[in-house]
There are 2 protein chains.
Amino acid sequence: MKTETRRGRPRKFDEDVTLDQVMQVFWRNGYAATSLDQIAEATGLNRPSLYAAFGSKKDMYLNVISRFADRMHVYLAEAGQQTAGANPRLKAILIAAIDLYTGQTDLTDAPYGCLAISTLQTESPRDSEFKEALTVVIARMDKGFASLIRHETKGSMTEQEICTAAQHLALILHGLSIRARAGETPNVLKRLAESAVDKIIPFSNGN
Amino acid sequence: MKTETRRGRPRKFDEDVTLDQVMQVFWRNGYAATSLDQIAEATGLNRPSLYAAFGSKKDMYLNVISRFADRMHVYLAEAGQQTAGANPRLKAILIAAIDLYTGQTDLTDAPYGCLAISTLQTESPRDSEFKEALTVVIARMDKGFASLIRHETKGSMTEQEICTAAQHLALILHGLSIRARAGETPNVLKRLAESAVDKIIPFSNGN
DNA sequence: TTCATTTTTTACCAATTCGCATAAAAAGAT
DNA sequence: ATCTTTTTATGCGAATTGGTAAAAAATGAA
């Protein structure tokens, strides 16, 4: 089933490209400080077109947040598969995250940390949907780390230890995001990440 | 030298009380989403009075941020002096911070995390003064942890190890702030904090 | 060509934003 | 009592906000 040729005036924009542009604006400014005019300028569209395609400002923001979370998940999962063993894989993931946070990946050129952590936080007390979205993002990171650790250290850690270690790694990662947004350099952050992983999940030959 | 009796109409507000009220508004909403009308309502003053006393919105915000950092510093330092040894003192400090982040101290009733970390971040890319303020806050925490560790573990750690461990603790603390703002409970956060300290600066009888 | 459909564009709206100018009020000083 | 000083209160204003109505444009279908 191909899509039938579309009726009406054709769109002058690509939805994916536009959403990426919208993402950049929110990434830099956060939710509250971003205006639809800024988004309109960044995308080359005007407000009514944006509204027709993506809904309200809040819709766009939540859309972009979940888009970001998905991309980040894929990107980090892939980075974690280039090595073996819990400790090396976790290091690889944190280092990849730092590259993302400091604008070294094709997701963004700007060193603005984690889009979700940096911008959702601030809005969280005023809007329960944002608060929920933040909770979901955090839980997803916890689960991701936990499943990697569980998989790589079969039996040698209790489920309790696994979950705690996973949360420690996520805590570290969020702290790194903040420092990235504060302007800290990638290399400093990566050293911090590696030494942190060594304390949380020390290297062992077994896993 | 006493202050001479003041000329002119007396102020109807106490500067300290008002600044605390201003702090609550920024704490909840962040900088961008806070309006002067909201501040006016929270303080019972009107905008011209606020402006005359505290300057612009940005002035007020930076004022409140440094006020917060000072108070936090005093509060945590005191909490860290109720015990002895690096590991117990660090735990006491993190636990006190969590109480603050979750609205269990007299600084605020609201569980909005760390005012500086939560709200400065978002604004950081758009304003170099905010970015600088964030850097200062982070560095201050790093230094605080480092000096405690240095003092409690005389000689048994290299300066490099001390600074790295201090930064790990600050990273964890910032991660905890985010989770507090996301609505996580104090007890869960405190368990995470304690187990993290045990990994970063394990308990030893010597210090 | 004419019509139906979809998007773009222009223009507008009501509400809010920060800041300030000006006037009224409340105190001490003379 | 009158003047000076300081603060409070009223109200304006220019700009920006998110959102939408209505018209114009661009395409396929008939």
Side-chain angles (χ1 to χ4, degrees), chain A residues 1-19 21-26 28-65 119-120 122-123 126-127 129-130, chain B residues 1-19 21-23 25-26 28-65 119 122-123 126-127 129-130:
Chain A
M1 302 291 172
K2 268 286 161 158
T3 320
E4 292 177 22
T5 53
R6 251 192 222 80
R7 304 281 304 266
R9 180 169 176 170
R11 281 188 171 171
K12 72 170 188 181
F13 65 94
D14 178 84
E15 203 155 309
D16 275 331
V17 171
T18 299
L19 280 174
Q21 293 166 333
V22 174
M23 189 187 292
Q24 302 304 319
V25 183
F26 280 124
R28 172 180 160 87
N29 300 324
Y31 177 75
T34 293
S35 74
L36 293 183
D37 280 335
Q38 287 174 295
I39 293 178
E41 189 187 344
T43 57
L45 305 185
N46 40 36
R47 291 203 304 285
S49 292
L50 284 168
Y51 193 86
F54 307 109
S56 71
K57 178 183 171 184
K58 184 173 171 181
D59 293 333
M60 277 188 253
Y61 178 66
L62 288 172
N63 188 337
V64 152
I65 288 286
T119 68
L120 265 179
T122 311
E123 312 299 331
R126 292 188 312 142
D127 188 308
E129 274 190 83
F130 291 166
Chain B
M1 301 294 171
K2 271 283 162 157
T3 320
E4 294 176 20
T5 53
R6 250 192 223 80
R7 305 282 304 267
R9 179 169 177 171
R11 281 187 171 170
K12 72 168 189 182
F13 66 94
D14 178 83
E15 203 155 308
D16 275 332
V17 171
T18 300
L19 280 175
Q21 293 165 333
V22 174
M23 190 186 292
V25 183
F26 280 124
R28 172 180 159 88
N29 301 324
Y31 176 76
T34 293
S35 74
L36 293 183
D37 281 334
Q38 287 173 297
I39 294 178
E41 192 191 339
T43 58
L45 305 185
N46 40 37
R47 290 203 306 281
S49 293
L50 284 168
Y51 193 85
F54 307 108
S56 71
K57 177 183 172 185
K58 185 173 171 181
D59 292 333
M60 278 187 254
Y61 178 66
L62 289 172
N63 188 336
V64 152
I65 288 286
T119 67
T122 312
E123 313 299 331
R126 292 188 312 143
D127 187 309
E129 274 190 82
F130 291 165

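All values reported here derive from a predicted model rather than from experimental measurement.
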Protein-nucleotide distance ([X], atom [atom1]; [N], atom [atom2]), rounded to Å:
{"X": "A/R11", "N": "C/dT7", "atom1": "CZ", "atom2": "P", "value": "5 Å"}
{"X": "B/R9", "N": "C/dA27", "atom1": "CZ", "atom2": "C1'", "value": "9 Å"}
{"X": "B/N46", "N": "C/dG19", "atom1": "CG", "atom2": "C1'", "value": "13 Å"}

Task: Main-chain N/O of B/S56 paired with B/D59 side-chain donor or acceptor, under 3.5 Å - done: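 Indeed, once roles are kept as given, a pair shorter than 3.5 Å links the two residues.
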TODO: Could you check A/F26 against A/I39 for side-chain contact (heavy atoms from CB on, under 4.5 Å), going step by step and ending with a plain yes or no?
DONE: CA-CA 9 Å; A/F26 280 124; A/I39 293 178; 3.7 Å; yes
Task: Near-strand residues of residues 31-43 of chain B, defined as heavy-atom separation under 4.0 angstrom from DNA chain C - done: B/T34, B/S35, B/L36, B/D37
Open item on the list: Within residues 47-62 of chain B, which residues have any heavy atom lying less than 4.0 Å from an atom of DNA chain C?
Closed with: B/R47, B/P48, B/Y51, B/S56, B/K57
Open item on the list: When you compare the side chain of A/V22 with that of A/Y61, does any pair of heavy atoms fall below 4.5 Å?
Closed with: no
Task: Boundaries of the DNA chain D segment in contact with chain A, non-hydrogen, under 4.0 Å - done: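 In short, chain A contacts DNA chain D from D/dT17 to D/dA29.
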Open item on the list: Which residue is it: A/Q38, A/Q21, A/Q24? I am looking for the one with a side-chain contact (heavy atoms from CB on, under 4.5 Å) to A/T43.
Closed with: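 When side-chain contact (heavy atoms from CB on, under 4.5 Å) is applied between A/T43 and each of A/Q38, A/Q21, A/Q24, only A/Q21 qualifies.
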TODO: Check B/G55 against B/M60 and note the closest heavy-atom contact, atom names and distance.
DONE: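 Minimum heavy-atom separation between B/G55 and B/M60: O-CE, 3.7 Å.
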Open item on the list: Restricting to non-hydrogen atoms, name the atom on B/A32 and the atom on B/E123 that form the minimum distance, rounded to 0.1 Å.
Closed with: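 So the two residues come closest at N-OE2, 3.4 Å.
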Open item on the list: Working to the nearest 0.5 angstrom, can you tell me the gap between B/L36 CG and B/N46 CG?
Closed with: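 Those atoms lie 11.5 Å apart.
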Task: Spacing of B/I65 atom CD1 and B/Y31 atom OH [to the nearest 0.5 Å] - done: 11.0 Å
TODO: Apply side-chain contact (heavy atoms from CB on, under 4.5 Å) to B/T34 and B/R28, showing your working.
DONE: CA-CA 9 Å; B/T34 293; B/R28 172 180 159 88; over 6 Å; no
Task: Step-by-step side-chain contact (heavy atoms from CB on, under 4.5 Å) determination, B/L45 to B/K12 - done: CA-CA 9 Å; B/L45 305 185; B/K12 72 168 189 182; 3.6 Å; yes
